[in-house]
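Written below as structure tokens is the structure these notes are about.
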Amino acid sequence: MDAWVRFSAQSQARERLCRAAQYACSLLGHALQKHGASPELQKQIRQLEGHLSLGRKLLRLGNSADALESAKRAVHLSDVVLRFCITVSHLNRALYFACDNVLWAGKAGLAPLVDQEKWAQRSFRYYLFSLIMNLSRDAYEIRLLMEQESSACGRRPKGSAGGTLGGGEAGGTAWVSAPGGSLPHLALQLRLRVLLLTRVLQGHPPLLLDVVKNTCDLFIPLDKLGLWRCGPGVVGFCGLVSSILSILTLLCPWLRLKP
């Protein structure tokens with residue numbers, strides 16, 4: 001109960017709940033349309049989705065300042081790649097939230113002359129750039145961890161359980177002697193890399209959650225910008241999954257990827 005009280009007290013948590021409900025409505029609306037539900041019910045679901053979207057924009061007022069502060073902190077990171085990816089990601093998020101605030105003013109009637117389509121396209125472009133930076137950061141961290149895991153496996157005794165992967169990657173003898181040893185060398189190396197990647201992600205849940213969340217989020221701007229039409233069903237499902245994962249990181253802070 002204490003965890004839930006702390007969770008509900010955060011404005012970010014309320015925004016994530018609205019986000020989850022919004023994409024759940026999007027997914028539900030797609031399902032209702034596919035199964036031939038009444039037009040009136042479909043209209044009510046779309047209206048609810050629109051209200052939730054407007055409420056989320058209200059809760060995100062001022063998030064540009066938080067993103068800029070996060071970018072200022074990221075500038076001092078010692079790792080050059082992480083510093084670049086995280087800083088650029090936060091700057092793009094700040095611009096995305098700024099465009100989102102303009103959209104909120106237009107939809108709320110405070111700025112009726114705002115070209116909402118143009119500002120929506122801008123906001124999704126900044127959102128896409130931010131996600132690309134986040135996924136680049138994830139890929140970089142995965143590569144570092146895979147190198148560390150490979151080195152650690154290579155230093156273990158050959159007969160140990162953890163040394164099989166390292167020995168297989170170094171010389172491939174453990175796999176060549178197996179029944180599948182006739183596989184081409186490239187396929188063998190690919191299999192070993194996949195096994196190593198699986199081990200790294202299993203050993204680092206925050207990184208795994210961040211990869212899944214960013215990958216799910218990526219489908220949203222790709223669809224909205226027309227770069228890859230996924231359909232409302234896929235967008236709703238991916239948005240709902242990423243929202244649930246975001247809520248999980250708020251409930252369990254140790255699952256949040258740092259820095």
Side-chain angles (χ1 to χ4, degrees), residues 4 7-64 66-67 92-128 130-131 212-251:
W4 176 256
F7 169 75
S8 60
Q10 303 177 61
S11 61
Q12 185 181 8
R14 291 192 288 271
E15 190 272 334
R16 292 301 177 185
L17 285 173
C18 286
R19 187 178 193 266
Q22 176 190 342
Y23 284 110
C25 287
S26 177
L27 184 59
L28 177 60
H30 174 72
L32 291 174
Q33 182 181 10
K34 188 175 180 180
H35 290 85
S38 65
E40 183 64 27
L41 180 58
Q42 295 183 41
K43 181 181 178 181
Q44 291 177 355
I45 295 297
R46 286 195 299 268
Q47 289 177 344
L48 177 58
E49 181 184 354
H51 293 325
L52 289 169
S53 176
L54 190 61
R56 282 183 58 213
K57 295 182 187 304
L58 177 61
L59 291 173
R60 288 203 297 254
L61 290 177
N63 280 12
S64 292
D66 293 336
N92 277 281
R93 283 181 62 81
L95 292 170
Y96 161 67
F97 287 132
C99 294
D100 203 59
N101 294 340
V102 174
L103 280 172
W104 174 82
K107 291 184 177 182
L110 300 177
L113 299 181
V114 167
D115 188 341
Q116 296 190 21
E117 181 63 26
K118 181 181 71 175
W119 283 96
Q121 291 292 304
R122 285 179 179 174
S123 68
F124 282 118
R125 279 198 293 269
Y126 290 129
Y127 186 32
L128 177 61
S130 176
L131 290 173
V212 175
K213 182 173 69 67
N214 288 325
T215 303
C216 288
D217 282 335
L218 191 64
F219 288 98
I220 300 172
L222 288 177
D223 181 82
K224 299 298 183 181
L225 293 171
L227 300 175
W228 187 9
R229 291 296 183 184
C230 310
V234 174
V235 171
F237 175 77
C238 291
L240 180 59
V241 170
S242 65
S243 299
I244 292 173
L245 293 179
S246 297
I247 292 172
L248 185 61
T249 58
L250 291 176
L251 286 172

Any chance you could measure [X], atom [atom1], to [Y], atom [atom2], to the nearest 0.5 Å?
| X | Y | atom1 | atom2 | result |
| --- | --- | --- | --- | --- |
| Glu15 | Leu250 | CD | CG | 9.5 Å |
| Leu59 | Leu54 | CG | CG | 10.0 Å |
| Ile247 | Ser242 | CD1 | OG | 9.5 Å |
| Leu225 | Arg122 | CG | CZ | 13.0 Å |
| Asp100 | Trp119 | CG | CH2 | 11.5 Å |

Parallel, tilted or perpendicular, as decided by the 30° and 60° cut-offs, for the rings of Phe219 and Trp228: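 If you compare the ring of Trp228 with that of Phe219, the planes turn out tilted.
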
side-chain hydrogen bond (donor to acceptor under 3.5 Å, both in side chains) partners for Asp223, two or more places apart: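 Asp223: no side-chain hydrogen bond (donor to acceptor under 3.5 Å, both in side chains) contacts found.
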
Side-chain donor-acceptor distances from residues 20-41 under 3.5 Å, at least two apart:
residue : atom : partner : partner atom : Å
Gln22   : OE1  : Arg56   : NH1          : 2.8
His35   : ND1  : Ala31   : O            : 2.8
Ser38   : OG   : Leu41   : N            : 3.3

Please report the closest heavy-atom contact between [X] and [Y], naming both atoms and the distance.
| X | Y | answer |
| --- | --- | --- |
| Pro221 | Leu218 | CD-O, 3.3 Å |
| Asn101 | Ser64 | ND2-OG, 4.2 Å |
| Cys238 | Cys216 | CB-O, 3.3 Å |
| Leu103 | Gln116 | CD2-O, 3.3 Å |

Worked verdict on Arg19 versus Ser243 for side chain to side chain donor-acceptor pair (under 3.5 Å): CA-CA 6 Å; Arg19 187 178 193 266; Ser243 299; 2.8 Å; yes

Report yes if some heavy atom in the side chain of [X] is under 4.5 Å from a heavy atom in the side chain of [Y]; otherwise report no.
| X | Y | answer |
| --- | --- | --- |
| Cys99 | Tyr126 | yes |
| Asp217 | Tyr127 | yes |
| Lys43 | Arg46 | yes |
| Tyr96 | Asn63 | no |

Audit row: Leu131, Ile220, side-chain contact (heavy atoms from CB on, under 4.5 Å) steps and yes/no: CA-CA 10 Å; Leu131 290 173; Ile220 300 172; over 6 Å; no

